[in-house]
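The structure under discussion appears below in the form of structure tokens.
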2 protein chains.
Amino acid sequence: MIDKYRDLQIKLTPQRLAILGFLENNRSHPSAEDIYRAVLKQFPTMSFATVYNTLEALKSKGNVQELKIDPGKKRYDPDISRHHHLICMKCKNIVDIFKDFDISLSEDLTSGFDIIGNSIEFYGICRSCGSRK
Amino acid sequence: MIDKYRDLQIKLTPQRLAILGFLENNRSHPSAEDIYRAVLKQFPTMSFATVYNTLEALKSKGNVQELKIDPGKKRYDPDISRHHHLICMKCKNIVDIFKDFDISLSEDLTSGFDIIGNSIEFYGICRSCGSRK
DNA sequence: CTATCTGCAAACGTTTTGCATCTGT
DNA sequence: ACAGATGCAAAACGTTTGCAGATAG
């Protein structure tokens with residue numbers, strides 16, 4: 001476990017290992033609070049400062065992606081491979097979309113920007129929210 | 001001016017007309033505070049409650065689009081035609097991208113969601129932020 | 001006339017900060 | 001040993017709410 005994350009070049013405290021453990025293979029796109037609540041079980045003194053600090057460190061190392069999908073509540077994605085997202089407009093559940101789209105921009109549309117990346121969000125209603133209506 | 005917005009079916013108060021005037025042909029994708037500050041000149045008693053109230057009304061009438069691009073700060077777009085956005089990762093400037101992309105999802109990727117829409121965000125560094133480095 | 005809007009201030013939820021103490025490396 | 005992390009509490013930030021008084025239709 002420790003070996004696995006040694007190349008992150010951040011201090012691997014027990015709290016951080018718990019956070020890393022929670023994020024590993026996590027497809028739920030958790031918010032900071034989701035993470036906080038999950039690791040609180042192991043570390044009753046855990047603080048939000050530590051959660052945010054760790055997320056910031058992971059983000060800067062490119063190990064976690066911050067999603068801007070939910071206004072007023074950041075969500076985090078430990079899967080940094082190229083993919084997109086589909087969000088339920090009612091319950092805010094997020095699922096991954098693994099498909100490649102050709103969405104490059106020709107120079108005349110970029111207003112002189114240096115383009116670095118892109119992401120697609122699909123919006124809809126998930127099965128349980130739809131049938132529940 | 002009043003005639004133009006009569007079909008919105010909301011009360012056209014002077015404050016709302018000022019907000020509508022500010023938004024008209026506005027390509028800056030302003031935040032609530034940007035709007036508040038702009039109309040404050042004409043209405044020194046303007047409050048955030050009125051700005052948010054008006055934006056909510058316009059949104060529900062489909063006259064304004066809420067952008068989820070900037071985490072922790074909603075931005076608003078009076079252009080409701082289909083288009084995408086390009087964001088400067090440094091200064092958060094947003095420019096419109098008018099180009100149609102074919103990004104439909106086949107059923108096997110939607111996890112049972114009822115898909116309603118999508119949007120693409122391009123990320124980059126704008127000219128003034130890039131040359132300033 | 002009355003349903004709706006305004007403006008103020010207080011409350012809210014999320015994120016950030018300051019700082020004394022502690023700990024990986 | 002010491003750069004950097006933790007945990008607490010306070011503050012900051014954007015947004016929402018309650019309500020008394022005002023106003024568009």
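A note on names: the letters A, B, ... follow the listed sequences, proteins ahead of strands, and every chain is numbered from 1. Predicted model, so just to flag it, every value in this text is computed and none were measured.
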Regarding [X] and [Y], is there a side-chain donor-to-acceptor distance under 3.5 Å anywhere?
{"X": "A:H29", "Y": "A:D96", "result": "yes"}
{"X": "A:D77", "Y": "A:H83", "result": "yes"}
{"X": "A:R82", "Y": "A:N118", "result": "yes"}
{"X": "A:N53", "Y": "A:T50", "result": "no"}
{"X": "B:S119", "Y": "B:E121", "result": "yes"}

Would you kindly give the [atom1]-to-[atom2] distance between [X] and [N], to the nearest whole Å?
{"X": "A:F43", "N": "D:dT6", "atom1": "CZ", "atom2": "P", "result": "10 Å"}
{"X": "A:D34", "N": "C:dG13", "atom1": "CG", "atom2": "P", "result": "15 Å"}
{"X": "B:E33", "N": "D:dA12", "atom1": "CD", "atom2": "P", "result": "15 Å"}
{"X": "B:Q9", "N": "C:dT4", "atom1": "CD", "atom2": "C1'", "result": "14 Å"}
{"X": "A:K61", "N": "D:dG4", "atom1": "NZ", "atom2": "C1'", "result": "12 Å"}
{"X": "B:L55", "N": "D:dG14", "atom1": "CG", "atom2": "P", "result": "15 Å"}
{"X": "B:F48", "N": "D:dG14", "atom1": "CZ", "atom2": "P", "result": "8 Å"}
{"X": "B:K92", "N": "D:dG14", "atom1": "NZ", "atom2": "C1'", "result": "15 Å"}

**Request:** Look at B:R16 and C:dT4 and indicate whether a side-chain polar atom (N or O) is within less than 4.0 Å of OP1 or OP2.
**Result:** no
**Message:** Please determine whether a side-chain nitrogen or oxygen atom of A:Y52 lies at a distance below 4.0 Å from atom OP1 or OP2 of C:dT16.
**Reply:**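 So the side chain of A:Y52 is outside the cut-off, no N or O lying under 4.0 Å from OP1 or OP2 of C:dT16.
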**Request:** Salt-bridge test for A:K4 and A:E24: reply yes if a basic N is under 4.0 Å from a carboxylate O, no otherwise.
**Result:** yes
**Message:** Let me test you: for the helix from C:dC1-D:dG25 to C:dT25-D:dA1, what is the angle between the axes at its two ends (five pairs each), rounded to 10 degrees?
**Reply:**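 That helix has its two terminal axes inclined by roughly 50°.
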**Request:** State which residues pass side-chain contact (heavy atoms from CB on, under 4.5 Å) with A:L40; sequence neighbours excluded, sorted by chain then number.
**Result:**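 With sequence neighbours excluded, A:L40 shows a side-chain contact (heavy atoms from CB on, under 4.5 Å) to A:Y36, A:M46, given in chain and number order.
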**CD1-CD1 distance between A:I115 and B:I125, expressed to the nearest 0.5 angstrom** =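 A:I115 CD1 to B:I125 CD1: 10.0 Å, rounded to 0.5 Å.
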**Interatomic spacing from CG in B:L20 to CG in B:N26 - rounded to 0.5 Å** =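 The CG atom of B:N26 is 12.0 Å from CG of B:L20, to the nearest 0.5 Å.
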Any N/O pairs under 3.5 Å between the protein and nucleotides 22-25 of chain C? List them or say none.
residue : atom : partner : partner atom : Å
C:dT23  : O2   : A:K11   : NZ           : 3.4
C:dT25  : OP1  : A:L12   : N            : 3.1

Find every protein N or O atom lying less than 3.5 Å from an N or O atom of nucleotides 8-10 of chain D, and list the pairs.
residue : atom : partner : partner atom : Å
D:dC8   : OP2  : A:T45   : O            : 3.0

**Fill in**
What residues 67-79 of chain A contributes to the DNA chain C interface at heavy-atom separation below 4.0 Å is A:G72, A:K73, A:K74
**Item:** Ring centres under 6.0 angstrom apart (B:F101, B:H84)
**Value:**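 Yes: the rings meet the under 6.0 Å criterion.
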**Prompt:** Considering only heavy atoms from C-beta outward, does the side chain of B:H85 approach that of B:V95 to under 4.5 Å?
**Reply:** no
**Complete:** Going by chain and number, the hydrophobic cluster around A:I80 (ILVMFWY, side chain to side chain under 4.5 Å) further includes none
**Prompt:** Where do B:L23 and B:L58 land on the side chain to side chain contact (heavy atoms under 4.5 Å, CB included) test, with the steps shown first?
**Reply:** CA-CA 11 Å; B:L23 288 178; B:L58 294 176; 4.1 Å; yes
**Message:** For a quick check of understanding: with a heavy-atom distance under 4.0 Å over all strands, which category does B:A57 fall into, base, sugar-phosphate or nothing?
**Reply:**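 It contacts nothing in the nucleic acid.
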**Request:** Show your working on salt bridge (charged side-chain N to carboxylate O under 4.0 Å, His left out) between B:D70 and B:K73 and close with a plain yes or no.
**Result:** CA-CA 6 Å; B:D70 205 342; B:K73 186 180 225 169; 5.9 Å; no
